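Quantities reported herein were computed from a predicted structural model and do not represent experimental measurements. When a ligand or atom number is given, it counts from 1 through the structure's own listing order.
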Amino acid sequence: MNHSPLWQETHDYIQQHDRILFSCCGEPSGPFVIFSAGIHGNEPTGVLALRNVFKKIVKDNLPLNGSLLAVIGNRSALTNGKRYSVVDLNRLWYDDNLNKLHTTGFAGHELNPDVLEMIKIDRVISDFENQASGKEHYFIDLHTTSAPSIPFAVADKKEHCLSIALQFPLPVVININEYIHGTMLNYFENRNFHGLVFEAGQHEDGMSVKKHESIIWLSLLITGMLKKENVPNYNAHFELLSGLNEDPHQQFEIIHRQELKTTDHFKMQPDYVNFQRIDKGELLAHLNGIPVYAPKEGRLFMPLYQSKGEDGFFIVQRVN
Ligand SMILES: [Zn+2]
């Protein structure tokens, strides 16, 4: 177990609290927003950021317009500081499993700690949907990356979702769902939510907590949950995020994926940063001892610097 102060705080919080970080039911004419953090158990900073923001909202009695639920994702993996226990919980939400979740049930041999987490999360969300109502539905998922990274957003190409995402002063990647399947976005799309994913920075960087907090405050404003005058230090949050990247409000798309098999031995060249410009032919990594050169020029996206993962890296390009 990791004993850094950031992890210690996370463990203490999870031990003392249930899955629900915050919930409130508002007028049906308002927005309906669900936040999630820690669906990957090695990503504690979104949990701490949600805790901090909602603590402030409660303390200052800030008026929320609409219904809101904030949940902790993979509690058992977070407790152990592991990305997941047996299978990646953010790859389990594909249609076959959703059918098992809602209709047929899972067979005994299919149950493992991550599937059990999935069942519990679904129950919490379904219960909330039964008691709360709202107009536009938003799902906002907070993540971090293994490499150092500027904050960025992931959205789908549907008009409303993209227009919401582009209001954040961040680069927005628009076609990840063509490459990565079974994320919670799929579950929420089936329930008619607009899904947004935010990656704040590196997993255990204290600054990732701050960046997540700014993302949460702007999310509350942009979805219509909170009025601008009720967002504490609005300008500081906007400037923190916009000052960290060269491409605020710009769309990017994935043009290459380095896929990995579970048996592959993959090693990135050191010191790459997310969204870093790369040239065609540049040495990026070794795959089973064989050099991997960039097949295209562009920006390096999500280079893998942790032991678990299905993607070595992606290359993205700005959409004009
Ligand atoms: Zn993640």
Next item on the list: Applying side-chain hydrogen bond (donor to acceptor under 3.5 Å, both in side chains), run through Tyr187 and Asp122 and close with a yes or a no.
Entry: CA-CA 9 Å; Tyr187 170 85; Asp122 172 60; 2.7 Å; yes

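- Partners of Glu136 under the salt bridge (Lys or Arg N to Asp or Glu O under 4.0 Å) rule, at least two apart in sequence or in another chain, do not exist in this structure.
- Using modelled atom types, one side-chain atom of His11 and one backbone atom of Thr79 make a donor-acceptor pair closer than 3.5 Å.
- The 12-atom threshold is not exceeded at CD of Glu297, counting heavy atoms of other residues, nucleotides or ligands nearer than 6.0 Å.
- Heavy-atom minimum distance, Ser36 versus Asp141: OG-OD1, 2.8 Å.
- Listed by chain and number, the protein N, O or S atoms at a distance under 2.8 Å from the Zn ion (ligand 1) are His40 ND1, Glu43 OE1, Glu43 OE2, His143 ND1.
- Taking CD from Glu43 and CD from Glu199, the interatomic distance works out to 6.5 Å, rounded to the nearest 0.5 Å.
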